[in-house]
There are 2 protein chains.
Amino acid sequence: MIKLSARGEKLLKTLIELYISEGQPVGSRTLARHANVQLSPATVRNVMSDLEDLGLIKAPHTSAGRVPTQQGYRFFVDSLLKVRPLNPSSVEEIHERLSAESDPQLLVASASELLSQVTHFAGVVLLPGQHSAKFRQIEFLSLSPERVLTILVTDDGRVQNRVIPTDREYSSSELVEAANFFNDLYGGSSLAEVRKRLLNEMQKDSEEMHRIMKAALSMARSLFEKEEADTDEVLLSGEANLLTVPDLCQIDTLQTLFDAFKAKQDLLDLLDRSMRVNGISIFIGDESGYEALTACSVVTAPYEVDGRLIGTLGVIGPTRMSYEDIIPVVDITARLLSGALSIQHLDRAD
Amino acid sequence: MIKLSARGEKLLKTLIELYISEGQPVGSRTLARHANVQLSPATVRNVMSDLEDLGLIKAPHTSAGRVPTQQGYRFFVDSLLKVRPLNPSSVEEIHERLSAESDPQLLVASASELLSQVTHFAGVVLLPGQHSAKFRQIEFLSLSPERVLTILVTDDGRVQNRVIPTDREYSSSELVEAANFFNDLYGGSSLAEVRKRLLNEMQKDSEEMHRIMKAALSMARSLFEKEEADTDEVLLSGEANLLTVPDLCQIDTLQTLFDAFKAKQDLLDLLDRSMRVNGISIFIGDESGYEALTACSVVTAPYEVDGRLIGTLGVIGPTRMSYEDIIPVVDITARLLSGALSIQHLDRAD
DNA sequence: TTTAGCACTCTATATATAGGAGTGCTACCC
DNA sequence: GGGTAGCACTCCTATATATAGAGTGCTAAA
């Protein structure tokens, strides 16, 4: 753990704040003027030299000012940053915008949108795949003689439907019976478990199976087979905001970044990691371990439904972002999203 | 209508093809070499001068070659371009990728994705809002004592669901009855019409209404109230591809473009206009009437389900795009999407 | 009608130059 | 010993200037 003198901390903090707001390397004169200390530039230079030796700041070239290094940002975020709570009117605005959406699926999408609009960077949300969700209810609905609409409701409030071709016509009472059967058998299990048990059932000799059971299984099968491929999902919005960020403004940097967004796998891993942590996570530069994000920082917070961690949301912006402002926004959004999801969450005890 | 000599046409065609493939202004020497004519650069210069007078090409500055103007592209596309059918293996690939997706909603999304990947530009799809779709079936499903899941199926194969809080508990048979009532009453009407009639019904004194009818109306109401705001939707994918396009590579051009994508309204109008046209539409530069698209061309084709025009899809790329290659891709994709939607379209006659 | 020749224009590239910002070092002061 | 002033030095940036190359338009000749 790096230990700094009070003066060193003060100057480092000021330097980083200046660099965040101005985007230019900070020289000794500027720093001396802005830090509230009565020191000459020369003295400040000595301190800066020490900070450079510690690896907290560096000079892009011999005669420029200093800019924070990744470790500098890290120290700043860990030790120097005091995050003020977001002002109530902003909280209220976020709250309202999240309340406006009633569909849980669209709600997370609008949270991502919201983050990108408020922060002017890219908003991102991780929706974990169905496998972690619990099976809640399934219904079969006849659309036409040989097509059945299956509706799957999971305990995180999501509803999925798929049209499934059937081999024969089912009567409406058969479908209800099949659904009841299925709901009784699998209610409360996780989807992954349902899938496993389902595959097991299919192995058994179908002769001994009840007629309704066979019908239910055969219809559910294609639904759950589909699910297998279904993985976590990353929802990205406001990527275009990053076009305006001066630090990322070289087309090729943006290109790599956008390519990475397209692939999404890295983002997914990153967000998944951050879901394990309780509270805000901050990845500075390539701390995330992914090259494409070298010039970026990612601020995330998990959100939950009824105390169960469901996913992660966050903001992707330049390393040189105003952590002070971004952190509370992410924090509050995660809390409010958790709240909104819980309120409109389907009642748990039927 | 502009009339050109055979030589003029030949040279213009070659010039545009060269410019599309190289991206550099084309000089008289280069043109003379590539056009298959035995003419000296000096002669070619004379012809080029004529073409410039006609407004088909222009020189970026005194001593550069010529580049096509918007009118030049227009003439090229209208009169000179011979579109070859797409090679069968590409057709097959597109076909396969569209066949892989069974959910109609995801199908159009994957068509957009497909377009952007194949062309390396941005793919775009217009999904017209529900109001044009016809009401097909509604179902109510009890999730918990005070929450009902309403499922709305429209005749273009889309399924929507919404969780609706209710004032009291409904029995499962009540719900079935309500759905039947509703389906009988409104089946086959357009959603807009259903909405209108619904609002009318609500006006009537509720005393005289049947109990089931009241229940059905009250549940459907919130569903259809929601629909009102629901407008057409534009689905954009592969915007990031445009980062690599040299013509658009100035950050500020991209910025305007991405901003426009965010607003989407212009795109929506554009696609909506092109839906009225049968077959391929091509908007070159600001022919679309939207400033943001000045440096772009948009190639679109409508797609249909069972003979009814449903939406439009297309590609947004630089004006300097290979129309020869893009047009057949858009054309085929629209056809195949139409096919895929029709096949998996719910049977019309129940 | 076509072509060769030529002067001219404009761009892009390389090079030189000056100015400025900021540093590190040294010597000096309290 | 910590703080400060002074100064030479470095490196970046911006501005001019020269040069080469590409391509044109025009004229005159085949």
Side-chain angles (χ1 to χ4, degrees), chain A residues 3-12 14-19 21-69 72 246-247 249-250, chain B residues 4-12 14-19 21-69 72 246-247 249-250 320:
Chain A
K3 185 71 189 135
L4 286 187
S5 66
R7 176 190 289 173
E9 285 194 353
K10 171 111 199 170
L11 287 178
L12 177 61
T14 312
L15 186 146
I16 294 184
E17 282 166 356
L18 275 173
Y19 183 67
S21 74
E22 302 300 327
Q24 297 297 322
V26 180
S28 54
R29 184 188 308 275
T30 326
L31 186 52
R33 205 162 345 114
H34 284 83
N36 212 5
V37 288
Q38 291 310 318
L39 292 176
S40 74
T43 315
V44 170
R45 277 204 287 280
N46 290 329
V47 181
M48 287 166 89
S49 182
D50 296 345
L51 291 174
E52 184 158 27
D53 289 345
L54 287 167
L56 296 173
I57 58 179
K58 68 170 196 294
H61 57 83
T62 330
S63 83
R66 306 299 214 292
V67 299
T69 60
D247 300 35
C249 235
Q250 297 99 23
Chain B
L4 286 187
S5 66
R7 175 190 290 175
E9 286 192 356
K10 171 113 196 165
L11 286 178
L12 178 61
T14 313
L15 186 145
I16 294 185
E17 283 166 355
L18 276 173
Y19 182 68
S21 74
E22 303 299 328
Q24 296 299 321
V26 180
S28 54
R29 184 189 307 276
T30 327
L31 187 53
R33 205 164 342 116
H34 284 85
N36 213 4
V37 288
Q38 291 310 318
L39 293 175
S40 75
T43 316
V44 171
R45 277 204 288 279
N46 291 328
V47 181
M48 285 166 90
S49 183
D50 296 345
L51 292 175
E52 184 158 25
D53 289 344
L54 287 168
L56 297 172
I57 58 178
K58 68 170 196 293
H61 57 85
T62 329
S63 83
R66 305 299 214 293
V67 299
T69 61
D247 300 34
C249 235
Q250 297 98 25
R320 192 199 124 226

For a side chain to side chain contact (heavy atoms under 4.5 Å, CB included) check, start with the C-alpha distance between V47(A) and L39(A), then their side-chain angles and the critical distance, and finish with the verdict. CA-CA 11 Å; V47(A) 181; L39(A) 292 176; 5.5 Å; no

For the student: nearest non-hydrogen atoms of P41(B) and S28(B), plus distance: O-CB, 3.6 Å

Scan V67(A), I16(A), L15(A) and name whichever one has a side-chain contact (heavy atoms from CB on, under 4.5 Å) with V26(A). L15(A)

In this structure, CG of L12(B) is separated from OG of S5(B) (nearest 0.5 Å) by 10.0 Å

Check step by step if side chain to side chain contact (heavy atoms under 4.5 Å, CB included) holds for I57(A) and M48(A). CA-CA 8 Å; I57(A) 58 179; M48(A) 287 166 89; 4.2 Å; yes

Shortest non-hydrogen pair, Q24(B) vs Y19(B), comes out as O-CD1, 3.1 Å

Outermost nucleotides of DNA chain C that come under 4.0 Å of a non-hydrogen atom of chain B: dT2(C) to dT11(C)

Just verifying a value: how many Å separate L56(A) CG and E9(A) CD, rounded to the nearest 0.5 Å? 10.5 Å

Sequence neighbours excluded and cut-off under 3.5 Å, please list the side-chain donor-acceptor pairs for residues 29-36 of chain B, or say none.
from, atom 1, to, atom 2, distance (Å)
H34(B), ND1, T30(B), O, 3.0

Does anything in residues 37-64 of chain A pair up under salt bridge (charged side-chain N to carboxylate O under 4.0 Å, His left out), and if so which pairs, sequence neighbours excluded? E52(A)-R66(A)

Check the pair L54(B) / L4(B) against side chain to side chain contact (heavy atoms under 4.5 Å, CB included), numbers first and verdict last. CA-CA 10 Å; L54(B) 287 168; L4(B) 286 187; 3.3 Å; yes

Using atom names, set out every protein N or O paired with an N or O of nucleotides 2-4 of chain D below 3.5 Å, distance rounded to 0.1 Å.
from, atom 1, to, atom 2, distance (Å)
dG3(D), OP1, R7(A), NH1, 3.1
dG3(D), OP1, R7(A), NH2, 2.3
dG3(D), OP2, R7(A), NH1, 2.9
dT4(D), OP2, S40(A), N, 3.0
dT4(D), OP2, S40(A), OG, 3.4
dT4(D), OP2, T43(A), OG1, 2.3

Give me the atom names and distance for the closest heavy-atom approach of A59(B) to A64(B). CB-O, 4.4 Å

Enumerate the residues from residues 48-68 of chain B whose closest heavy atom to DNA chain D is under 4.0 Å, giving them by residue number; use none for an empty result. M48(B), T62(B), S63(B), A64(B), G65(B), R66(B)

Expected rows: protein N/O vs nucleotides 27-30 of chain D N/O, under 3.5 Å:
none

